[in-house]
Amino acid sequence: MTRNQRFRSLFRPGSPFVCMGAFDAISARLAEAAGAQALFVSGFVACGIEAGEPDMGALSQRDMFEHIRRVCRATTLPVFADADTGYGGMLDVQRTIRLWEEAGASCLHLEDQALPKKCGHFAGKQLVSRQDMVQKLRAMADARQDPDFFIVGRTDAIAVNGLDDAITRLIDYAEAGADGLYADAVESVDQMRELSRRLKPLGKPLLFNMVTSGKSPALSLKEVGELGFDFTLCPVEPLLAMHKAVKDMMETFYREGADTRAIAHLLTPFEDYNRFVGLDEAVARERRYTQA
(Lines give C-alpha, C1' and ligand atoms only; values in the text may rest on other atoms or scores of the structure.)
Protein backbone atom coordinates (compact mmCIF):
# COMPACT_ATOMS: atom_id res chain seq x y z
CA MET A 1 0.00 0.00 0.00
CA THR A 2 1.04 3.59 -0.59
CA ARG A 3 1.23 5.95 2.35
CA ASN A 4 -2.00 7.58 1.17
CA GLN A 5 -3.75 4.22 1.11
CA ARG A 6 -2.36 3.41 4.55
CA PHE A 7 -3.81 6.65 5.90
CA ARG A 8 -7.26 5.79 4.58
CA SER A 9 -6.96 2.26 5.97
CA LEU A 10 -6.67 3.70 9.49
CA PHE A 11 -10.38 4.57 9.45
CA ARG A 12 -12.15 1.67 11.12
CA PRO A 13 -15.55 1.88 12.82
CA GLY A 14 -15.17 2.26 16.56
CA SER A 15 -11.37 2.61 16.40
CA PRO A 16 -10.34 6.28 16.34
CA PHE A 17 -6.67 7.09 15.86
CA VAL A 18 -4.31 9.95 16.69
CA CYS A 19 -2.21 12.00 14.29
CA MET A 20 0.73 12.87 16.55
CA GLY A 21 2.39 16.25 16.11
CA ALA A 22 5.84 16.26 14.54
CA PHE A 23 7.74 19.53 14.29
CA ASP A 24 10.91 18.25 12.59
CA ALA A 25 12.68 15.10 11.44
CA ILE A 26 13.71 14.00 14.94
CA SER A 27 10.25 14.42 16.46
CA ALA A 28 8.81 12.48 13.50
CA ARG A 29 11.18 9.61 14.17
CA LEU A 30 10.47 9.73 17.90
CA ALA A 31 6.72 9.55 17.24
CA GLU A 32 7.16 6.58 14.93
CA ALA A 33 9.36 4.79 17.48
CA ALA A 34 6.72 5.41 20.16
CA GLY A 35 4.03 3.68 18.10
CA ALA A 36 2.24 6.54 16.34
CA GLN A 37 0.03 5.50 13.42
CA ALA A 38 0.12 8.87 11.65
CA LEU A 39 1.74 12.28 12.08
CA PHE A 40 0.45 15.84 11.96
CA VAL A 41 2.42 18.88 10.78
CA SER A 42 0.83 21.97 12.32
CA GLY A 43 1.00 25.48 10.91
CA PHE A 44 1.04 26.84 14.48
CA VAL A 45 4.06 24.68 15.28
CA ALA A 46 5.80 25.38 11.97
CA CYS A 47 5.57 29.14 12.56
CA GLY A 48 7.35 28.66 15.89
CA ILE A 49 9.99 26.24 14.63
CA GLU A 50 10.80 27.98 11.35
CA ALA A 51 10.25 31.65 12.25
CA GLY A 52 9.98 31.87 16.05
CA GLU A 53 6.68 33.70 15.52
CA PRO A 54 3.00 33.17 16.41
CA ASP A 55 0.61 31.46 14.04
CA MET A 56 -0.54 34.54 12.14
CA GLY A 57 0.62 33.78 8.61
CA ALA A 58 4.36 33.91 9.27
CA LEU A 59 5.18 31.22 6.69
CA SER A 60 4.68 31.24 2.94
CA GLN A 61 3.38 28.35 0.88
CA ARG A 62 6.97 27.51 -0.12
CA ASP A 63 8.18 27.69 3.51
CA MET A 64 5.49 25.24 4.61
CA PHE A 65 6.15 22.93 1.65
CA GLU A 66 9.83 22.61 2.60
CA HIS A 67 8.95 22.07 6.26
CA ILE A 68 6.48 19.27 5.41
CA ARG A 69 8.93 17.66 3.01
CA ARG A 70 11.63 17.43 5.69
CA VAL A 71 9.22 15.70 8.07
CA CYS A 72 7.95 13.29 5.40
CA ARG A 73 11.50 12.27 4.44
CA ALA A 74 12.25 11.24 8.03
CA THR A 75 9.37 8.79 8.51
CA THR A 76 7.48 5.95 6.89
CA LEU A 77 4.20 7.03 8.53
CA PRO A 78 1.38 8.85 6.74
CA VAL A 79 1.60 12.59 7.33
CA PHE A 80 -1.40 14.92 7.74
CA ALA A 81 -0.24 18.47 6.95
CA ASP A 82 -1.90 21.80 7.71
CA ALA A 83 -2.66 23.84 4.58
CA ASP A 84 -4.05 26.93 6.34
CA THR A 85 -6.34 28.84 3.93
CA GLY A 86 -4.63 27.48 0.81
CA TYR A 87 -2.33 30.51 0.49
CA GLY A 88 -4.47 32.60 -1.84
CA GLY A 89 -7.12 32.19 -4.50
CA MET A 90 -8.34 29.21 -6.48
CA LEU A 91 -5.14 28.64 -8.47
CA ASP A 92 -3.06 28.96 -5.28
CA VAL A 93 -5.24 26.34 -3.59
CA GLN A 94 -4.65 23.99 -6.51
CA ARG A 95 -0.91 24.59 -6.31
CA THR A 96 -1.00 23.91 -2.56
CA ILE A 97 -2.43 20.41 -2.91
CA ARG A 98 0.02 19.58 -5.70
CA LEU A 99 2.93 20.75 -3.53
CA TRP A 100 1.68 18.90 -0.43
CA GLU A 101 1.42 15.70 -2.49
CA GLU A 102 4.92 16.29 -3.86
CA ALA A 103 6.21 16.82 -0.30
CA GLY A 104 4.93 13.35 0.65
CA ALA A 105 1.85 14.25 2.73
CA SER A 106 -1.21 11.98 2.67
CA CYS A 107 -3.80 14.41 4.05
CA LEU A 108 -4.38 18.13 4.51
CA HIS A 109 -7.01 20.38 6.02
CA LEU A 110 -8.20 23.58 4.39
CA GLU A 111 -9.76 26.21 6.65
CA ASP A 112 -12.36 28.89 6.02
CA GLN A 113 -10.65 31.81 7.74
CA ALA A 114 -10.16 35.15 6.05
CA LEU A 115 -6.72 36.76 5.98
CA PRO A 116 -4.85 37.45 8.14
CA LYS A 117 -5.49 33.92 9.44
CA LYS A 118 -4.86 32.97 13.05
CA CYS A 119 -4.48 29.85 15.15
CA GLY A 120 -7.92 28.34 15.62
CA HIS A 121 -7.75 28.91 19.38
CA PHE A 122 -6.84 32.62 19.10
CA ALA A 123 -9.40 35.42 19.41
CA GLY A 124 -10.31 37.72 16.51
CA LYS A 125 -10.78 35.19 13.71
CA GLN A 126 -12.73 36.17 10.60
CA LEU A 127 -14.30 33.90 7.97
CA VAL A 128 -14.64 33.81 4.22
CA SER A 129 -18.09 33.12 2.84
CA ARG A 130 -19.36 29.56 2.62
CA GLN A 131 -19.48 29.96 -1.16
CA ASP A 132 -15.80 30.95 -1.37
CA MET A 133 -14.75 27.99 0.77
CA VAL A 134 -16.89 25.58 -1.27
CA GLN A 135 -15.21 26.80 -4.45
CA LYS A 136 -11.76 26.38 -2.87
CA LEU A 137 -12.55 22.80 -1.89
CA ARG A 138 -13.82 22.02 -5.37
CA ALA A 139 -10.73 23.55 -6.96
CA MET A 140 -8.49 21.59 -4.61
CA ALA A 141 -10.27 18.29 -5.25
CA ASP A 142 -10.01 18.83 -9.01
CA ALA A 143 -6.24 19.37 -8.71
CA ARG A 144 -5.67 16.26 -6.59
CA GLN A 145 -3.34 13.88 -8.42
CA ASP A 146 -3.78 10.76 -6.27
CA PRO A 147 -7.44 9.95 -5.53
CA ASP A 148 -6.32 8.41 -2.21
CA PHE A 149 -5.01 11.76 -0.95
CA PHE A 150 -7.38 12.83 1.87
CA ILE A 151 -8.88 16.34 2.05
CA VAL A 152 -10.38 17.62 5.31
CA GLY A 153 -12.71 20.61 5.25
CA ARG A 154 -12.21 22.73 8.37
CA THR A 155 -14.39 25.48 9.77
CA ASP A 156 -13.53 28.04 12.42
CA ALA A 157 -17.13 29.23 12.60
CA ILE A 158 -17.92 28.11 16.17
CA ALA A 159 -15.99 31.03 17.69
CA VAL A 160 -17.25 33.52 15.10
CA ASN A 161 -20.89 32.69 14.27
CA GLY A 162 -21.74 29.77 16.54
CA LEU A 163 -22.30 26.03 16.26
CA ASP A 164 -25.22 26.10 13.81
CA ASP A 165 -23.23 28.01 11.22
CA ALA A 166 -20.29 25.65 11.70
CA ILE A 167 -22.51 22.64 11.01
CA THR A 168 -24.13 24.28 7.98
CA ARG A 169 -20.70 25.05 6.59
CA LEU A 170 -19.43 21.51 7.13
CA ILE A 171 -22.48 20.06 5.37
CA ASP A 172 -21.66 22.27 2.38
CA TYR A 173 -17.98 21.27 2.55
CA ALA A 174 -18.93 17.61 2.47
CA GLU A 175 -21.04 18.20 -0.62
CA ALA A 176 -18.11 20.05 -2.22
CA GLY A 177 -15.93 16.93 -1.96
CA ALA A 178 -14.21 17.06 1.44
CA ASP A 179 -13.28 13.55 2.60
CA GLY A 180 -13.33 14.46 6.30
CA LEU A 181 -14.89 17.22 8.42
CA TYR A 182 -13.32 19.32 11.18
CA ALA A 183 -14.78 22.03 13.41
CA ASP A 184 -11.88 23.61 15.26
CA ALA A 185 -12.03 25.08 18.76
CA VAL A 186 -15.05 23.04 19.87
CA GLU A 187 -16.01 24.43 23.27
CA SER A 188 -17.79 21.59 25.07
CA VAL A 189 -18.74 17.92 25.05
CA ASP A 190 -22.31 19.00 24.29
CA GLN A 191 -21.10 20.71 21.13
CA MET A 192 -19.22 17.56 20.17
CA ARG A 193 -22.38 15.48 20.62
CA GLU A 194 -24.35 17.86 18.42
CA LEU A 195 -21.66 17.86 15.72
CA SER A 196 -21.67 14.08 15.71
CA ARG A 197 -25.47 13.82 15.70
CA ARG A 198 -25.93 16.15 12.76
CA LEU A 199 -22.86 15.30 10.68
CA LYS A 200 -22.54 11.53 11.09
CA PRO A 201 -25.35 10.87 8.55
CA LEU A 202 -23.09 12.40 5.88
CA GLY A 203 -20.78 9.39 6.13
CA LYS A 204 -17.62 11.51 6.45
CA PRO A 205 -15.00 10.91 9.19
CA LEU A 206 -15.07 13.56 11.92
CA LEU A 207 -11.86 15.08 13.28
CA PHE A 208 -11.30 16.38 16.82
CA ASN A 209 -8.37 18.51 17.96
CA MET A 210 -7.03 17.09 21.26
CA VAL A 211 -4.83 20.14 21.96
CA THR A 212 -4.48 20.45 25.74
CA SER A 213 -4.06 24.22 25.97
CA GLY A 214 -6.87 25.55 23.81
CA LYS A 215 -10.62 26.06 24.10
CA SER A 216 -11.69 22.43 23.68
CA PRO A 217 -12.29 19.88 26.46
CA ALA A 218 -9.42 17.54 27.34
CA LEU A 219 -10.54 14.01 26.47
CA SER A 220 -8.99 10.60 25.99
CA LEU A 221 -9.05 8.88 22.62
CA LYS A 222 -11.63 6.44 23.99
CA GLU A 223 -13.90 9.30 25.06
CA VAL A 224 -13.50 11.01 21.69
CA GLY A 225 -14.51 7.79 19.93
CA GLU A 226 -17.55 7.36 22.15
CA LEU A 227 -18.67 10.85 21.10
CA GLY A 228 -18.62 9.76 17.45
CA PHE A 229 -15.32 11.18 16.25
CA ASP A 230 -13.07 9.10 14.00
CA PHE A 231 -9.61 10.64 14.26
CA THR A 232 -7.80 13.24 16.30
CA LEU A 233 -4.86 15.63 16.34
CA CYS A 234 -2.30 15.90 19.13
CA PRO A 235 -0.72 18.88 17.40
CA VAL A 236 1.38 21.08 19.69
CA GLU A 237 2.25 18.87 22.65
CA PRO A 238 5.67 17.74 21.30
CA LEU A 239 6.60 21.39 20.63
CA LEU A 240 5.53 22.46 24.11
CA ALA A 241 7.41 19.53 25.66
CA MET A 242 10.54 20.54 23.75
CA HIS A 243 10.13 24.17 24.76
CA LYS A 244 9.86 23.28 28.46
CA ALA A 245 12.72 20.77 28.39
CA VAL A 246 15.17 23.07 26.58
CA LYS A 247 14.13 26.09 28.65
CA ASP A 248 14.67 24.16 31.89
CA MET A 249 18.03 22.84 30.70
CA MET A 250 19.36 26.26 29.68
CA GLU A 251 18.15 27.97 32.85
CA THR A 252 19.74 25.27 34.98
CA PHE A 253 23.01 25.48 33.03
CA TYR A 254 23.41 29.22 33.57
CA ARG A 255 22.07 29.17 37.12
CA GLU A 256 24.70 26.56 38.08
CA GLY A 257 27.63 28.56 36.72
CA ALA A 258 27.61 27.28 33.13
CA ASP A 259 28.53 23.77 34.27
CA THR A 260 27.50 20.90 31.98
CA ARG A 261 27.65 18.50 34.92
CA ALA A 262 24.58 20.25 36.36
CA ILE A 263 22.46 19.32 33.34
CA ALA A 264 23.77 15.83 32.58
CA HIS A 265 20.67 14.23 34.12
CA LEU A 266 18.45 16.18 31.72
CA LEU A 267 20.14 14.91 28.57
CA THR A 268 19.81 11.84 26.40
CA PRO A 269 23.23 10.15 26.48
CA PHE A 270 25.30 11.02 23.41
CA GLU A 271 25.69 7.35 22.48
CA ASP A 272 21.94 6.72 22.72
CA TYR A 273 21.19 9.68 20.46
CA ASN A 274 23.70 8.54 17.84
CA ARG A 275 22.23 5.06 17.95
CA PHE A 276 18.73 6.49 17.45
CA VAL A 277 19.66 8.50 14.35
CA GLY A 278 21.43 5.51 12.82
CA LEU A 279 25.12 6.31 13.16
CA ASP A 280 26.18 2.64 13.21
CA GLU A 281 24.27 1.94 10.01
CA ALA A 282 25.71 5.03 8.30
CA VAL A 283 29.26 4.04 9.22
CA ALA A 284 28.65 0.53 7.91
CA ARG A 285 27.33 1.89 4.59
CA GLU A 286 30.33 4.18 4.24
CA ARG A 287 32.74 1.30 4.80
CA ARG A 288 31.28 -0.56 1.83
CA TYR A 289 32.68 2.11 -0.47
CA THR A 290 35.87 3.15 1.33
CA GLN A 291 37.51 -0.16 2.32
CA ALA A 292 40.27 -1.33 0.01
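Computation of the quantities below employed the complete heavy-atom set of this structure, encompassing side-chain atoms and omitting hydrogens, waters and symmetry-equivalent molecules.
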K.L.:
Side-chain contact, heavy-atom cut-off 4.5 Å: S188 with Q191?
P.N.:
yes
K.L.:
When you group the ILVMFWY residues by side-chain heavy-atom contacts below 4.5 Å and let the links chain together, are L127 and V134 in the same group?
P.N.:
no
K.L.:
Report yes if the side chains of V79 and R69 come closer than 4.5 Å at any heavy-atom pair, otherwise no.
P.N.:
no
K.L.:
Shortest non-hydrogen contact from A143 to I97?
P.N.:
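Closest heavy-atom pair between A143 and I97: CB-CG2, 3.8 Å.
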K.L.:
What is the distance from atom CG of D248 to atom CZ of R255, rounded to the nearest 0.5 Å?
P.N.:
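Nearest 0.5 Å value for the CG-CZ distance: 8.5 Å.
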K.L.:
S9 and R6: which non-hydrogen atoms are nearest, and at how many Å?
P.N.:
OG-O, 2.7 Å
K.L.:
Could you give the distance from OH (Y254) to CE (M249), rounded to the nearest 0.5 Å?
P.N.:
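Y254 atom OH to M249 atom CE measures 8.5 Å (nearest 0.5 Å).
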K.L.:
Show your reasoning for whether ring pair (Phe, Tyr, Trp, His ring centres under 6.0 Å) applies to F17 and F11.
P.N.:
CA-CA 8 Å; F17 65 93; F11 292 100; 5.1 Å; yes
K.L.:
Where do S216 and E187 land on the side chain to side chain donor-acceptor pair (under 3.5 Å) test, with the steps shown first?
P.N.:
CA-CA 5 Å; S216 300; E187 296 169 353; over 6 Å; no
K.L.:
Any side-chain heavy atom of L108 within less than 4.5 Å of one from V152?
P.N.:
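No, side chains not in contact.
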K.L.:
Would M242 and Y273 show up in the same hydrophobic cluster when neighbours are defined by side-chain heavy atoms closer than 4.5 Å?
P.N.:
no
K.L.:
Quick one: does any side-chain atom of K204 pair with a main-chain N or O of A178 as donor and acceptor, under 3.5 Å?
P.N.:
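Yes, the answer is positive, given that a donor and an acceptor are paired below the 3.5 Å cut-off.
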K.L.:
Could you tell me if the side chain of L227 sits less than 4.5 Å from the side chain of S196, heavy atoms only?
P.N.:
no
K.L.:
Salt-bridge test for R138 and D142: reply yes if a basic N is under 4.0 Å from a carboxylate O, no otherwise.
P.N.:
no
K.L.:
So, K136 and D92, do they make that salt bridge, N to O below 4.0 Å?
P.N.:
no
K.L.:
Would you say the side-chain atoms of T168 pair up with the backbone N or O of D164, donor to acceptor, closer than 3.5 Å?
P.N.:
yes
K.L.:
For L163 and L195, run side-chain contact (heavy atoms from CB on, under 4.5 Å): C-alpha distance rounded to whole Å, both residues' side-chain angles, the deciding distance at 0.1 Å, then the answer.
P.N.:
CA-CA 8 Å; L163 183 65; L195 283 164; 3.9 Å; yes
K.L.:
Please tell me if the side chains of K215 and V186 come closer than 4.5 Å, counting only heavy atoms from C-beta onward.
P.N.:
no
K.L.:
With the threshold set at 4.0 Å, does a side-chain nitrogen-carboxylate oxygen contact exist between D190 and R193?
P.N.:
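Result for this pair is yes, salt bridge flagged.
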K.L.:
Using a 3.5 Å distance criterion without hydrogens, assess whether the side chain of E101 forms a donor-acceptor pair with backbone atoms of Q145.
P.N.:
yes
K.L.:
Report the distance from atom CD1 of I49 to atom CG of L59, rounding to the nearest 0.5 Å.
P.N.:
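Going from CD1 on I49 over to CG on L59, the span is 10.5 Å.
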K.L.:
Can you confirm whether the side chains of Q113 and T85 place a donor and an acceptor under 3.5 Å from each other?
P.N.:
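T85 and Q113 do not have a side-chain donor-acceptor pair below 3.5 Å.
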K.L.:
What residue among D156, N209, L206 forms side-chain contact (heavy atoms from CB on, under 4.5 Å) with Y182?
P.N.:
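Answer to the side-chain contact (heavy atoms from CB on, under 4.5 Å) test with Y182 among D156, N209, L206: N209.
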K.L.:
Can a donor-acceptor pair be found, under 3.5 Å and without considering hydrogens, that links the side chain of R154 to the backbone of D84?
P.N.:
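No; judged by distance alone, with no hydrogens or angles, the pair does not exist.
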K.L.:
Would you check, one step at a time, whether the test side-chain contact (heavy atoms from CB on, under 4.5 Å) holds for L77 with Q37?
P.N.:
CA-CA 7 Å; L77 295 176; Q37 295 174 285; 5.8 Å; no
K.L.:
Grab the two heavy atoms, one from T96 and one from G86, that are nearest each other, plus how far apart they are.
P.N.:
OG1-O, 3.0 Å
K.L.:
A side-chain contact here means heavy atoms from C-beta on lying under 4.5 Å apart; do D184 and L207 qualify?
P.N.:
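They are not in side-chain contact.
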K.L.:
Would you check, one step at a time, whether the test salt bridge (Lys or Arg N to Asp or Glu O under 4.0 Å) holds for E226 with K222?
P.N.:
CA-CA 6 Å; E226 289 170 348; K222 181 176 183 292; 2.6 Å; yes
K.L.:
Between E251 and K247, is there a salt bridge with N-O shorter than 4.0 Å?
P.N.:
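Result for this pair is yes, salt bridge flagged.
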K.L.:
Would L219 and M210 count as a side-chain contact (heavy atoms from CB on, under 4.5 Å) here? Give the steps.
P.N.:
CA-CA 7 Å; L219 300 169; M210 296 178 78; 5.9 Å; no
K.L.:
Between H67 and F23, does a ring pair (Phe, Tyr, Trp, His ring centres under 6.0 Å) hold up when you go through it step by step?
P.N.:
CA-CA 9 Å; H67 181 75; F23 56 80; 8.6 Å; no
K.L.:
Where is the tightest heavy-atom contact between I68 and A81, given as atom of each residue plus distance?
P.N.:
CD1-CB, 3.6 Å
K.L.:
Strictly distance-based, threshold 3.5 Å: is any side-chain N or O of Q94 a donor or acceptor partner for the main-chain N or O of A139?
P.N.:
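Looks like yes, one N/O pair under 3.5 Å.
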K.L.:
CG/L10 to CG/D230 distance, rounded to the nearest 0.5 angstrom?
P.N.:
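Taking CG in L10 and CG in D230, the distance rounds to 12.0 Å.
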K.L.:
Can a donor-acceptor pair be found between the side chains of T155 and E111 at a distance below 3.5 Å?
P.N.:
no
K.L.:
Flag yes if L240 and L266 sit in one hydrophobic cluster, no otherwise; membership is Ile, Leu, Val, Met, Phe, Trp, Tyr, and two members link when side-chain heavy atoms are under 4.5 Å apart.
P.N.:
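Yes.
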K.L.:
When the ring planes of F80 and F40 are compared, do they come out parallel, tilted or perpendicular, using 30° and 60° as the limits?
P.N.:
perpendicular
K.L.:
Given side-chain contact (heavy atoms from CB on, under 4.5 Å), test S60 with Y87 step by step and report yes or no.
P.N.:
CA-CA 7 Å; S60 70; Y87 301 92; 5.8 Å; no
K.L.:
If every non-hydrogen atom of A176 is compared with every non-hydrogen atom of L137, which pair is closest and at what distance?
P.N.:
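So the minimum-distance heavy-atom pair works out to CB-CB, 4.1 Å.
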K.L.:
Cluster question for you: counting only ILVMFWY and a side-chain heavy-atom cut-off of under 4.5 Å, with indirect links fine, are Y173 and V128 together?
P.N.:
yes
K.L.:
Within the distance-only criterion (no hydrogens, no angle test), does the side chain of R8 pair as donor or acceptor with the backbone N or O of F149 below 3.5 angstrom?
P.N.:
yes
K.L.:
Please assess W100 against F150 for the test ring pair (Phe, Tyr, Trp, His ring centres under 6.0 Å), listing each intermediate value before the final yes or no.
P.N.:
CA-CA 11 Å; W100 271 221; F150 199 90; over 10 Å; no
K.L.:
Same cluster or not: M90 versus M140, using hydrophobic residues (I, L, V, M, F, W, Y) connected whenever any side-chain heavy atoms lie under 4.5 Å apart?
P.N.:
no
K.L.:
Roughly how far, to the nearest 0.5 Å, is the CG atom of D55 from the OG atom of S42?
P.N.:
6.5 Å
K.L.:
Check for a donor-acceptor pair, side chain of S106 on one end and backbone N or O of F7 on the other, with a separation under 3.5 Å.
P.N.:
no
K.L.:
Measuring from atom CE of M133 to atom CZ of R169, what distance do you get when rounded to the nearest 0.5 angstrom?
P.N.:
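Those atoms lie 8.5 Å apart.
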K.L.:
Between D24 and R29, is there a salt bridge with N-O shorter than 4.0 Å?
P.N.:
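No salt bridge links R29 with D24.
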K.L.:
Taking the side chain as every heavy atom from C-beta outward, state whether M192 and P217 have any pair of such atoms under 4.5 Å apart.
P.N.:
yes
K.L.:
Any donor-acceptor pair under 3.5 Å linking the side chain of Q135 with the backbone of D132?
P.N.:
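No: the side chain of Q135 does not pair with the backbone of D132.
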K.L.:
Do side-chain atoms of K200 reach the backbone of G228 as a donor and acceptor pair under 3.5 angstrom?
P.N.:
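Present.
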K.L.:
Counting heavy atoms not belonging to L91, are there more than 12 under 6.0 Å from its CG?
P.N.:
no
K.L.:
Between T212 and E237, does any side-chain donor sit less than 3.5 Å from a side-chain acceptor?
P.N.:
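The criterion, which ignores hydrogens and geometry beyond distance, is satisfied for E237 and T212.
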K.L.:
Indicate yes or no: at least one non-hydrogen side-chain atom of R3 is less than 4.5 angstrom from one of D148.
P.N.:
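Contact flag for R3/D148 side chains = no.
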K.L.:
Could you tell me whether a side-chain N or O of D82 sits under 3.5 Å from a main-chain N or O of G43, the two making a donor and an acceptor?
P.N.:
yes
K.L.:
What closest approach, in Å, do P16 and L221 show between heavy atoms, and which atom pair accounts for it?
P.N.:
O-CD2, 3.4 Å
K.L.:
Between R98 and E102, is the closest basic N to carboxylate O distance under 4.0 Å?
P.N.:
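No.
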